[in-house]
Amino acid sequence: MTSSSLPPQGARRALIVGSGISGLAAALSLHRAGWQPLIVERARERRTGGYFVRFNGPGYTAAERLGLLDSLPDRRDPEGRMFEVDSRGRLTPGLAFPEQVNGTPMRMLLRSDLERVLHEAVQDLVEIRYGTGPAAITQDRNQVTVTLTDGSVESADLLIGADGIHSTVRSLVFGPEDLYRKDFDHVVAACVMDSPLPGLREGDAAVATAPGRSAWINSYRDHLPVAFLLYRTDWPAAEIRKKPSDALGQAFAGFGGDVVPAMLEAMDRSESVLFDQVSQIHLGRWSQGRVVLLGDSAWCMTLHSGQGSGMGIAGAELLARLLTEHDGLPAALGSWEQQLRPLVARHQKEALRLRHFFMPANKFGYIARRGLIRATNTPVGSKLAKAVMN
């Protein structure tokens with residue numbers, strides 16, 4: 001066996017940092033490929049929150065290969081309506097999501113749906129160790145060794161950093177986050193509402209937009225609505241250090257009729273609110289030796305792309321397949337990145353375009369977006385709407 005060859009099938013061990021969608025998908029895919037994965041997660045328990053996901057494209061295909069589709073719900077209500085909230089707070093018809101996107105059917109679900117299904121698939125197969133994460137990482141030609149924050153030491157044939165945009169694995173192996181993070185001038189907040197919004201029935205969705213601000217509310221079958229707020233600021237890093245209720249109250253004062261104030265009140269009551277700046281991650285390589293980054297750790301495309309969760313699953317499933325097909329680890333990781341990078345680059349670029357749909361940057365963008373919404377009932381407008389979502 002050469003120094004770059006993988007050990008025999010039964011002896012291969014993977015240490016996965018992060019128990020989110022990418023990490024769980026990697027554990028499931030590698031276990032089915034004959035590996036012995038161990039997941040370590042810094043959080044004390046499994047996270048269950050998250051905003052809505054448009055699930056389609058490569059992630060949908062990978063989930064189908066893994067046999068997960070039958071377990072994934074589609075939260076859309078066939079009778080649900082999409083509304084725009086105008087400047088006077090009135091509800092007007094909005095843009096509906098198409099049934100087919102990126103060559104596959106589309107399901108609307110929650111990040112927590114994906115995490116739950118993946119967790120149920122791996123919980124009896126793979127050890128998940130909560131409350132610990134990497135403190136130091138070393139590697140040689142034969143293995144990678146990780147000293148964890150609880151004092152334990154783990155060695156493996158492969159270390160997968162699936163610990164999100166603020167990845168500790170990336171910082172320890174590739175360098176500080178600032179080298180790779182490209183910030184948008186956006187801040188995002190999201191939470192699960194504790195009650196339906198007045199004026200909206202189960203399955204309805206509504207969005208209020210203005211230059212530099214947008215508020216989305218999505219309601220689902222068998223689930224409480226999810227609130228999603230996005231706003232522009234010149235100093236996002238400073239903004240997210242504020243108390244969320246103070247920052248959001250200032251950014252959305254007098255906005256969105258009765259809908260947005262109700263969303264803000266629900267966020268004040270919520271025990272779990274996502275509040276962060278919007279950024280992408282750009283690295284020249286996603287692996288170094290026996291360490292590879294996966295999902296947001298490697299390529300965070302932002303929520304605007306609509307493909308973050310799906311590409312995490314697609315990347316994990318492809319990685320396991322190529323590790324099985326190639327004898328050497330460098331060849332497997334090289335082939336993986338060569339196949340995956342064009343897709344990731346495409347979705348990162350699309351996010352730059354779609355951010356103007358989610359939140360118009362200026363008055364011209366706001367007017368153009370409103371014009372697109374009004375035109376969707378015409379044949380030409382319908383084609384434009386599909387192009388926007390694809």
Side-chain angles (χ1 to χ4, degrees), residues 14-32 37-43 45-75 102 104 106-123 125-126 128 130 133 160-170 188 190 192 223 226 228 272 274 276 280-281 286 292-320 336 340 343-344 347 351:
L15 178 60
I16 301 168
V17 179
S19 67
I21 290 170
S22 298
L24 292 169
L28 177 62
S29 301
L30 287 172
H31 181 272
R32 292 185 177 179
L38 165 65
I39 299 175
V40 295
E41 167 58 53
R42 189 177 298 274
E45 58 186 11
R46 185 168 73 90
R47 297 186 179 98
T48 58
Y51 44 82
F52 67 92
V53 172
R54 303 193 311 271
F55 194 61
N56 59 80
Y60 187 101
T61 303
E64 190 171 28
R65 288 197 190 102
L66 292 171
L68 301 175
L69 280 185
D70 289 345
S71 299
L72 290 174
D74 189 345
R75 296 284 187 182
N102 291 315
T104 68
M106 186 176 72
R107 296 190 187 185
M108 185 73 76
L109 39 77
L110 300 164
R111 286 182 61 89
S112 56
D113 291 324
L114 283 170
E115 290 191 10
R116 173 184 54 79
V117 169
L118 284 163
H119 184 267
E120 290 173 353
V122 303
Q123 62 182 344
L125 306 175
V126 174
I128 304 176
Y130 292 100
I160 299 176
D163 47 342
I165 188 171
H166 305 301
S167 169
T168 301
V169 173
R170 188 183 62 233
V188 61
V192 177
H223 197 278
V226 174
F228 173 84
S272 178
L274 166 72
D276 203 354
Q280 288 184 339
I281 296 295
W286 295 333
V292 63
L293 300 175
L294 175 65
D296 284 351
S297 304
W299 58 65
C300 183
M301 296 177 286
T302 76
L303 51 95
H304 302 307
S305 74
Q307 292 293 320
S309 299
M311 287 303 297
I313 297 174
E317 192 270 339
L318 179 63
L319 178 62
W336 175 75
L340 204 58
L343 278 174
V344 169
H347 290 309

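Residue numbers start at 1 and run along the sequence shown.
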Partners passing side chain to side chain donor-acceptor pair (under 3.5 Å) against R46 (at least two apart in sequence or in another chain): none
Please identify each residue that fulfils side chain to side chain donor-acceptor pair (under 3.5 Å) with S167, with sequence neighbours left out. D163
Side chain S297, main chain G164, donor-acceptor under 3.5 Å: yes
Going through the distances and angles, do H223 and D113 end up as a side-chain hydrogen bond (donor to acceptor under 3.5 Å, both in side chains)? CA-CA 11 Å; H223 197 278; D113 291 324; over 6 Å; no
Backbone N or O of E317 within a donor-acceptor pair of the R65 side chain at under 3.5 Å? no
Got a second to check how far Q307's CD is from L343's CG, nearest 0.5 Å? 9.0 Å
CG on L15 to CD1 on I39, rounded to 0.5 Å: 9.5 Å
Do L109 and R54 come within less than 4.5 Å of each other through their side chains, counting heavy atoms only? no
Rounded to the nearest 0.5 Å, what separates atom CG in L319 from atom CG in L30? 6.0 Å
Applying side chain to side chain donor-acceptor pair (under 3.5 Å), which residue pairs with at least one partner in residues 21-32 are found, sequence neighbours left out? none
So, taking the atom named NE2 in H347 and the one named CH2 in W299, what distance separates them when rounded to the nearest 0.5 Å? 10.5 Å
Residues in salt bridge (Lys or Arg N to Asp or Glu O under 4.0 Å) with E41, at least two apart? R47
Considering only heavy atoms from C-beta outward, does the side chain of V126 approach that of L24 to under 4.5 Å? no
Would a distance-only check, ignoring hydrogens and angles, find a side-chain to backbone donor-acceptor pair under 3.5 Å from N56 to T104? no
Donor-acceptor pair, side chain of R170 and main chain of W286, under 3.5 angstrom: no
Would you give the length of the straight line joining atom CG of D276 to atom CD1 of I165, rounded to the nearest 0.5 angstrom? 6.5 Å
So do the side chains of L110 and V53 get within less than 4.5 Å of each other, counting heavy atoms only? no
How far does CG of L318 sit from CG of L294, to the nearest 0.5 angstrom? 10.0 Å
Taking side chain as C-beta onward, heavy atoms only, is V17 less than 4.5 Å from T168? no
Quick test of your reading: applying salt bridge (charged side-chain N to carboxylate O under 4.0 Å, His left out), list the pairs with at least one residue in residues 296-316, sequence neighbours left out, ordered by first then second residue. none
Under the side chain to side chain donor-acceptor pair (under 3.5 Å) rule, collect the residues that match up with R116, sequence neighbours excluded. none
